[in-house]
Amino acid sequence: MKKKKSAQSFGIIGLGRFGMALAISLTQAGKEVIVIDRNESKLREIRQYTDYAFVAPDLSTETLQETGIQNCEVVVVCIGEKIDICILTTMRIVEMGVPRVIAKAISPEVGAVLEKLGAEVVYPERDMALFLGRKLVSSNFLDYISLDNSVEIRQIKVSDGLVGQTVEDLDIRKEYGLNIIAIENEKYTNIEISPQYRLNEEDVIVVIGKVNNIDRFEENI
């Protein structure tokens, strides 16, 4: 696969649990995915999803280029445990000129090095632990997107105490410094929210604001 691929092409290096799940998710979404790993059995498993699965006994620049992964718009390096290989592979992919390089890290120290190389960094285990922790301590918490260390977009299920109240009644901008950016339920997603909208038990409020303010709102509903 030497030709320049579309903007929807992805490269995955490393088929551990994270890399395998990511590769399957992308291919099932209809994306073109190049996958590289040294383990033939893992590649046999992924070949039912993509034709572009390559065995790589090493991850030298020459080997990587032979797969055509430099033509992808996004490459994700999923070699979190082998720190030296992760760092060297990330460096090579960045040097190839791939527009967006994402690397898995197992510690903030490794993440700092990867960021200096020019990669975006993800911490799958940490992020899942944070997600689970929030689910355990809040019965209303559904999901969130972290914008930085202090600001989030978070989905919050409407509690019994909120049912029947209007958005104006809540006045969460004044009370908590939060903005409601959407109200979702099984029927629709409403982004043009009237102050007179009355909350229903099946509604999910999507708010944006500082993490501590969102936590405080959840504690009080």
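For reference, positions follow the sequence shown, starting with 1.
Thr50 places a side-chain N or O within donor-acceptor distance of the main-chain N or O of Val33, the cut-off being under 3.5 Å. The backbone N or O of Ile79 sits nowhere less than 3.5 Å from a side-chain atom of Lys104 that would complete a donor-acceptor pair. In this structure, the side chain of Gln70 does not engage the main chain of Glu66 through any donor-acceptor pair within 3.5 Å. Side chain of Asp37 to main chain of Asn39: a donor-acceptor pair is present (N/O by atom type, distance under 3.5 Å, no hydrogens or angles). Arg92 places a side-chain N or O within 3.5 Å of a backbone atom of Leu59 that can act as its donor or acceptor partner. Using modelled atom types, no side-chain atom of Ser25 and backbone atom of Ala21 make a donor-acceptor pair closer than 3.5 Å. Not a single donor-acceptor pair under 3.5 Å links the side chain of Thr89 to the backbone N or O of Cys86. Checking side-chain atoms of Arg198 against main-chain N and O of Gly164 turns up a donor-acceptor pair under 3.5 Å. Not one N or O on the side chain of Asn213 forms a donor-acceptor pair closer than 3.5 Å with the backbone of Gly209.
Using a 4.5 Å heavy-atom cutoff, the side chains of Leu162 and Gln165 are in contact. Leu43 places a side-chain heavy atom less than 4.5 Å from the side chain of Ile46. You'll find the side chain of Val158 stays beyond 4.5 Å of the side chain of Val204, heavy atoms only. Val211 has its side chain within reach of Arg154: a pair of non-hydrogen atoms, C-beta onward, lies under 4.5 Å apart. Side-chain contact between Glu152 and Ile214 is present, with at least one heavy-atom pair separated by less than 4.5 Å. Taking the side chain as every heavy atom from C-beta outward, Phe10 and Val76 never approach each other to under 4.5 Å. In this structure, the side chains of Leu64 and Ile13 come closer than 4.5 Å at one or more pairs of heavy atoms.
In this structure, CD1 on Ile181 lies 5.5 Å from CD1 on Ile208, to the nearest 0.5 angstrom. Within the model, atoms CG of Asn179 and CZ of Arg173 stand 4.5 Å from one another, a figure rounded to the nearest 0.5 Å. Distance OG1/Thr27 to OH/Tyr49: 7.0 Å, rounded to 0.5 Å. Between the CG atom in Asp169 and the CD1 atom in Ile172 there is a gap of 12.5 Å [rounded to 0.5 Å]. In this structure, Thr189 OG1 and Glu184 CD are separated by 4.5 Å, a value rounded to the nearest 0.5 Å. Between atom CD of residue Glu45 and atom CE of residue Met20 there is a gap of 4.0 Å, rounded to the nearest 0.5 Å.
Val55 and Leu15 end up in the same hydrophobic cluster when Ile, Leu, Val, Met, Phe, Trp and Tyr side chains are linked at under 4.5 Å. Hydrophobic clustering of Ile, Leu, Val, Met, Phe, Trp and Tyr side chains at less than 4.5 Å, counting indirect connections, unites Val167 with Val163.
Every residue was checked against the side chain to side chain donor-acceptor pair (under 3.5 Å) condition with Arg38, not counting sequence neighbours, and none meets it. Annotation: ring pair (Phe, Tyr, Trp, His ring centres under 6.0 Å) contacts of Tyr176 (sequence neighbours excluded): Phe217. Legend: residues meeting side chain to side chain donor-acceptor pair (under 3.5 Å) with Asp171, ordered by chain and number and at least two apart, are absent. In this structure, Asn212 has no side chain to side chain donor-acceptor pair (under 3.5 Å) partners at least two apart in sequence or on a different chain.
Pairs engaging residues 108-122 under the side-chain hydrogen bond (donor to acceptor under 3.5 Å, both in side chains) rule: Arg100-Glu120, Ser107-Glu109 [sequence neighbours left out]. For residues 201-211, every residue pair satisfying the side-chain hydrogen bond (donor to acceptor under 3.5 Å, both in side chains) rule, not counting sequence neighbours, is listed here: Asn185-Asp203, Tyr197-Asp203.
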Working for side-chain contact (heavy atoms from CB on, under 4.5 Å), residues Val122 and Ile102: CA-CA 7 Å; Val122 294; Ile102 303 171; 3.9 Å; yes

Working for side-chain contact (heavy atoms from CB on, under 4.5 Å), residues Ile12 and Cys78: CA-CA 7 Å; Ile12 306 292; Cys78 307; 4.0 Å; yes

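Glu186 CD: 12 or fewer foreign heavy atoms inside a 6.0 Å radius. Around CD of Glu192, the count of heavy atoms belonging to other residues, nucleotides or ligands within 6.0 Å does not exceed 12. Counting heavy atoms of neighbouring residues, nucleotides and ligands inside a 6.0 Å radius, atom CZ of Arg47 exceeds 12 of them. Under a cut-off of 6.0 angstrom, the local environment of CD1 in Ile191 is sparse, with at most 12 non-hydrogen atoms contributed by other residues, nucleotides or ligands.
The heavy-atom pair separating Ile221 from Ser159 by the smallest distance is C-OG, 3.6 Å. Scanning both residues, Leu114 and Ala105, for their nearest heavy atoms gives CD1-CB, 4.0 Å. Nearest heavy atom pair, residue Cys72 against residue Gly11, reads SG-N, 3.7 Å. Contact detail for Ala119 and Ala103: the closest heavy-atom pair is CB-CB, 4.3 Å. Closest heavy-atom contact between Val75 and Val98: CG2-CG1, 3.8 Å. Residue Pro99 comes nearest to Glu73 through the heavy atom pair CG-OE1, 3.4 Å, listed as atom of the first residue, atom of the second, then distance.
Put simply, the residue from Val207, Asn190, Val206, Ile156 that forms a side chain to side chain contact (heavy atoms under 4.5 Å, CB included) with Ile180 is Val207.
With 3.5 Å as the limit, one finds no donor-acceptor pair spanning the side chains of Thr166 and Glu168.
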